[in-house]
Enquirer: 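Sharing a structure below in structure tokens format, with a few things to ask.
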2 protein chains.
Amino acid sequence: MAVSRSVSRSVKQQIADELREQVLNGTRAEGTKLPSEAELIEQYGVARNTVRDALALLVNEGLIEARRPHGYFVRDRRRMQYRPQSDLRARPTTAPHDTFLTEQEQAGRTPSQTIEVSIVDPPEPIKERLQLKADELAVVRRRLRYLDGELIYSNDSYYPLSIVQGTPIMSPHDLSPGANQTLADGGHVQVRAIDEIYVRMPTPDEAKRLDLTPGTPVAEHIITGYDQDDRPVRSVLNILPGNRHVIIYERDGLEPPDGESA
Amino acid sequence: MAVSRSVSRSVKQQIADELREQVLNGTRAEGTKLPSEAELIEQYGVARNTVRDALALLVNEGLIEARRPHGYFVRDRRRMQYRPQSDLRARPTTAPHDTFLTEQEQAGRTPSQTIEVSIVDPPEPIKERLQLKADELAVVRRRLRYLDGELIYSNDSYYPLSIVQGTPIMSPHDLSPGANQTLADGGHVQVRAIDEIYVRMPTPDEAKRLDLTPGTPVAEHIITGYDQDDRPVRSVLNILPGNRHVIIYERDGLEPPDGESA
DNA sequence: CAGTGGTCTAGACCACACC
DNA sequence: GTGTGGTCTAGACCACTGG
């Protein structure tokens, strides 16, 4: 119904507009099924590829996803809070070892993670950030993190091999005293960190590993920590699917953010 | 050439893989033109739609873009640094009024911006953050920011009308003492801020306004500032095209970031 | 005007999950 | 099996921009 030719807006756009509106205003709720391609073909009286083109627009906007062979569904837009700096805050000495696990449990969800430790020649961007020499190796602790059984993001922590050799960091278990404490025990107290956030579409590898549907961007969040001598001691690479997270920073004291200041 | 049928990987995937590899390893440099659809059709011996499907994959990965009627081109992957907290740092009393303008000039680029001020019934998310009553209005200063003549992001600052009524914030010019100083003059010193970063695909409106090509995600960066009485006094909505920015936070003192902590 | 990508049609065969 | 979306073909007409 109701597509008109010879209007400036193309047919696929008109179809996409109508469906988009319904998704955004809640007429079509999150998780509900859209009409099948066949039904849309009949409703609008157009060719299959035109319907598919219209649906592809919404898929790439992140609004809907195809679940073959069940149909197209409205995507879930709820997000979990991701607070990179949460452990900058004061913390009881009853040391919780892993902020991810403890925070999410407090939120009433069931967190879990897999850990895999290996010694690698790290990717170039990490090498730069850790200021490693060409042939210098690093230890990486790769984690995949789950909430209520569902994979939500990956977290890879790289350490220069030279400073973690023989420490508990090299064992593939949760670190009971925590990685920071372990680094501090080795004489490296982290006093400064730089966070970088890149927003982009995932590589095919990432899409596969994190099970991302088309139309899902990611945040690549890299944290590089420096010790009291301003040497980089850790670089963490997080890949966060955009549809599942809000990144939150809280800033106390002093002046404001971007915009007109002073 | 060299696509094989009856392999597990589809033809369009094989074509996309080959081109992607060339883009990523630099064989095809940023800004260079890809073969036209017609040429690819001949090279691979497939139908036009198959070639178009392959190219669409790369477009949606953000690697290439179509510039009609010139052809497909490898996208630029350089990014500018965006530092939300840059004016948290100590600043000389020789008050630079706008961090965007001053920082970018220092970086040897030519920044400019348009400013548009209006009184509006703000969108729901902003209303919540400013804790406005249902019928309460806000002043919005909408900026579009350019670098070397090219639009790079939008910055909309919302203020509760009640606290900025009659102040210089309501005039559509650069604020010489700065917005924060102006707020402080009115008795509202910002002492705390919350940053939220949402990563998503742009709405069609945003895509048009910021001239985004398909395959470009955005970061929606919302900063809400609170005064000494913990009242929200400003909420800033930035829309940053993912392909043009790195968001950077520097954190001094204390403990580390995400991951296993002490 | 020629060449580009954008839109649209009408068909075909396939893999997959569910009944 | 039946119905779903995924892939692929072979054609057509269009709008735009550059030479």
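From a predicted model like this one, the values you see are computed outputs, not experimental measurements. Chain naming here is simple, since letters A, B, ... match the order of the sequence lines and numbering starts at 1 in each.
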Enquirer: Rounded to whole angstrom units, what separation is found between the CD1 atom of A/Ile15 and the C1' atom of C/dT9?
Expert: 13 Å
Enquirer: Between A/Asp17 and A/Arg9, does any side-chain N to carboxylate O distance fall below 4.0 Å?
Expert: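 Salt bridge between A/Asp17 and A/Arg9, a charged N being under 4.0 Å from a carboxylate O: yes.
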Enquirer: If you only use heavy atoms from C-beta on, which nucleotide in C/dC16, C/dG5, D/dC8 is closest to the side chain of A/Asn49?
Expert: D/dC8
Enquirer: Any idea how A/Tyr153 and A/Tyr82 line up, ring-wise: parallel (<30°), tilted (30 to 60°), or perpendicular (>60°)?
Expert: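 Correct class here is perpendicular.
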Enquirer: Do the charged groups of A/Glu206 and A/Arg200 touch, with an N to O distance under 4.0 Å?
Expert: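 Looking at A/Arg200 together with A/Glu206, the answer is yes, because their closest N to O distance falls below 4.0 Å.
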Enquirer: Would you kindly give the CG-to-C1' distance between A/Leu57 and C/dG6, to the nearest whole Å?
Expert: 12 Å
Enquirer: Does D/dT9 have its OP1 or OP2 closer than 4.0 Å to a side-chain nitrogen or oxygen of B/Thr50?
Expert: yes
Enquirer: Counting distance only, does the side-chain N/O of B/Glu30 pair as donor-acceptor with the main-chain N or O of B/Arg77 below 3.5 Å?
Expert: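 Yes, B/Glu30 side chain to B/Arg77 backbone: donor-acceptor pair under 3.5 Å.
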Enquirer: In whole Å, I'd like the distance from the CZ atom of B/Arg68 to the P atom of C/dG5.
Expert: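 So the CZ-P distance, B/Arg68 to C/dG5, works out to 10 Å.
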Enquirer: Kindly say if B/Tyr72 contacts the phosphate of C/dG6, meaning a side-chain N or O under 4.0 Å from OP1 or OP2.
Expert: yes
Enquirer: For residues B/Arg141 and B/Ser118, determine if any side-chain heavy atom of one lies less than 4.5 Å from a side-chain heavy atom of the other.
Expert: no
Enquirer: Reckon A/His70 has a side-chain N or O less than 4.0 Å from the OP1 or OP2 of C/dC18?
Expert: yes
Enquirer: Separation of B/Leu34 atom CG from C/dT4 atom P, in whole Å?
Expert: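 To the nearest whole Å, that distance equals 13 Å.
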Enquirer: Mind checking A/Arg67 for me? I need base, sugar-phosphate or nothing, with any heavy atom below 4.0 Å counting as a touch.
Expert: nothing
Enquirer: Check the distance between C/dG3's P and B/Ile41's CD1 and give it to me in whole angstrom.
Expert: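 From B/Ile41 CD1 to C/dG3 P: 14 Å.
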Enquirer: Could you tell me the separation between the CG atom of B/Asp53 and the P atom of D/dG5, rounded to a whole number of Å?
Expert: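 The distance from CG of B/Asp53 to P of D/dG5 comes to 17 Å, rounded to the nearest Å.
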Enquirer: By nearest atom, which of the nucleotides D/dT7, D/dG3, C/dT9 is closest to the A/Arg48 side chain?
Expert: D/dT7
Enquirer: Want to settle it: does B/Pro35 or A/Val51 sit nearer the 5' end of DNA chain C, counting the closest nucleotide to each?
Expert: B/Pro35
Enquirer: Nearest nucleotide by nearest heavy atom, which residue falls closer to the 5' end of DNA chain C, A/Gln13 or B/Pro69?
Expert: B/Pro69
Enquirer: Between B/Glu39 (CD) and C/dG5 (P), how many Å, whole number?
Expert: 8 Å
Enquirer: Could you tell me the separation between the CZ atom of A/Arg52 and the P atom of C/dA10, rounded to a whole number of Å?
Expert: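 A/Arg52 atom CZ is separated from C/dA10 atom P by 17 Å.
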